[in-house]
Amino acid sequence: MSWHILGAGSLGSLWAVRLARCGLPVQLILRDQSRLEAYQRAGGLTLVEQGRPQLHPIAAQTANDPEPIQRLLVACKAYDAEAAVARLAPRLAANAELILLQNGLGSQAAVAAQAPQARCILASSTEGAFREDDFRVVFAGHGHTWLGDPLDLSPPGWLNELERSGIVHDWSLDILSRLWRKLALNCAINPLTVLYDCRNGGLSEHPAEITTLCAELGELLETCGQPAAATDLHDEVLRVIQATAANYSSMLQDVRQGRRTEIAYLLGHACAAAQRHNLAVPHLRALHTRLVQHLNAHGLPSQ
Ligand code: NAD
Ligand code: KPL
């Protein structure tokens, strides 16, 4: 059974290459005919590992291809996922499976509404990859991917294909807790790195702000029925700041490169959830307002 992969960006390419090179059938789904022609001119996807580039001539098509889709890896940004899946909805088989790689929360529910007949498997990944050029991706950091389905705890039969492909993963019985935890970490770290324009380690100069944000995020997680995700959040945030002190957060990298951020699915989602629960989170709200102003001042969308 083919792996259809929507989005030949960083993570999509990383998955596509690893699945294809162990002999599994993979079909990339590209945005339109002109992207498909550019891909064909490039001769395939290039993955750079440990400084060594290798070209992989993986099959590709556009959303207009008539082939039915049984298993779809959705590897675009959170803000593109709903529309991208809506376009593919007529091609999805009755019992199709969607694997959603998007960071943050909110896009998964929007995608599920576009494909009510499909099983949606949510993922949370600590792998690192970035696009060096069109169809050329660097595997920058080995990590782990958790997969899970809050509506059906039984693991899908294809996890052994990930094993064979060297995609390090675990089936999680509480994927929502993992996604909320990652969202909270990202909310405590990423916006401040944008506003102070600093590496993650630079946040050790702002301990009081981190403490206050973690307290509100912890309360929010508990209010949203995610107490496990709130446990020792402050300690973990400090640990991540230390462990990644030399790195620029993904949000700051996006801003510096003039790319849209996933703010709506991180801090935006946290503030919206607090509002739904009538929970006062004044510092998170103030942070959101400052970040929106900062993005607008840089000509970037704040949604
Ligand atoms: P990316 O921007 O590198 O790749 C997304 C790709 O999707 C782009 O090539 C874009 O052209 C394509 N796309 C968008 N709409 C499309 C459509 N309708 N049809 C076909 N293609 C379409 O993004 P990424 O870094 O791979 O991130 C994907 C998700 O994974 C994000 O939510 C991100 O936060 C998450 N994530 C990324 C990393 C990483 O290291 N890159 C790590 C963990 C999580
Ligand atoms: O995931 C991250 C990111 O940069 O997006 C970390 C390193 C956890 C910072 O929030």
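Remember, it's a predicted structure, so these values are computed and weren't measured experimentally. We count ligands from 1, going down the list as the structure has it; atoms in each ligand are counted the same way.
Put simply, CG on L72 and CG on L98 are 5.0 Å apart, with the number rounded to the nearest 0.5 Å.
Close contacts of ligand 1 with I29, meaning ligand atoms under 4.0 Å from a residue heavy atom, involve 20 (C). Atoms of ligand 1 found under 4.0 Å from any heavy atom of E127 (numbered from 1 in listed order, with element): 40 (O), 42 (C), 43 (C). Short contacts between ligand 1 and R131, defined as distances under 4.0 Å to a heavy atom of the residue, involve ligand atoms 1 (P), 2 (O), 3 (O). Applying the 4.0 Å criterion to heavy atoms of I189 picks out, from ligand 2, the atoms 9 (C), 10 (O). In summary, the atoms of ligand 1 found under 4.0 Å from a heavy atom of C76, numbered by their order in the structure, are 5 (C), 7 (O), 13 (N), 14 (C), 28 (C), 29 (C). For ligand 2 and S249, the ligand atoms under 4.0 Å from any heavy atom of the residue are 4 (O).
The shortest N/O to N/O separation between A129 and ligand 1 falls below 3.5 Å. Ligand 1 has no N or O atom lying under 3.5 Å from any N or O atom of K182, backbone or side chain. Considering backbone and side-chain atoms together, S10 places an N or O closer than 3.5 Å to an N or O of ligand 1. Here's the thing with N200: none of its N/O atoms is less than 3.5 angstrom from an N/O atom of ligand 2. Looking at ligand 1, you won't find any N or O of R87 less than 3.5 Å from one of its N or O atoms. For ligand 1, the polar-atom distance check against R31 finds a nitrogen or oxygen pair separated by under 3.5 Å.
With a heavy-atom cut-off of 4.0 Å, V240 touches ligand 2 through its side chain alone. Only the side chain of L6 comes within 4.0 Å of ligand 1, counting heavy atoms alone; its backbone N, CA, C and O stay farther away.
Note on K182 versus E236: no salt bridge recorded, every NZ/NE/NH1/NH2 to OD/OE distance being 4.0 Å or above. Checked for salt-bridge contact, R18 and E161 miss the test: no charged N lies under 4.0 Å from a carboxylate O.
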ring-ring contact (aromatic ring centres under 6.0 Å, His included) between W171 and W146, intermediate numbers included: CA-CA 6 Å; W171 181 249; W146 283 270; over 10 Å; no

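For atom 10 (O) of ligand 2, the closest non-hydrogen atom of the protein is N190 OD1, 2.5 Å. Remark: minimum distance from atom 6 (C) of ligand 2 to any protein heavy atom is reached at N186 ND2, 3.9 Å.
Side-chain contact check for S34 and D32: at least one donor-acceptor pair (N or O, by modelled atom type) lies under 3.5 Å. Judged purely by distance below 3.5 Å, without hydrogens or angles, the side chains of S249 and N200 never pair a donor atom with an acceptor atom. In this structure, a donor-acceptor pair under 3.5 Å is present between the side chains of E37 and Q33.
Around CD of E205, the count of heavy atoms belonging to other residues, nucleotides or ligands within 6.0 Å does not exceed 12.
Ligand 2 is approached by K182 to a heavy-atom distance shorter than 4.0 Å.
For atom 4 (O) of ligand 2, the nearest non-hydrogen atom from the set G143, S250, G128 belongs to S250.
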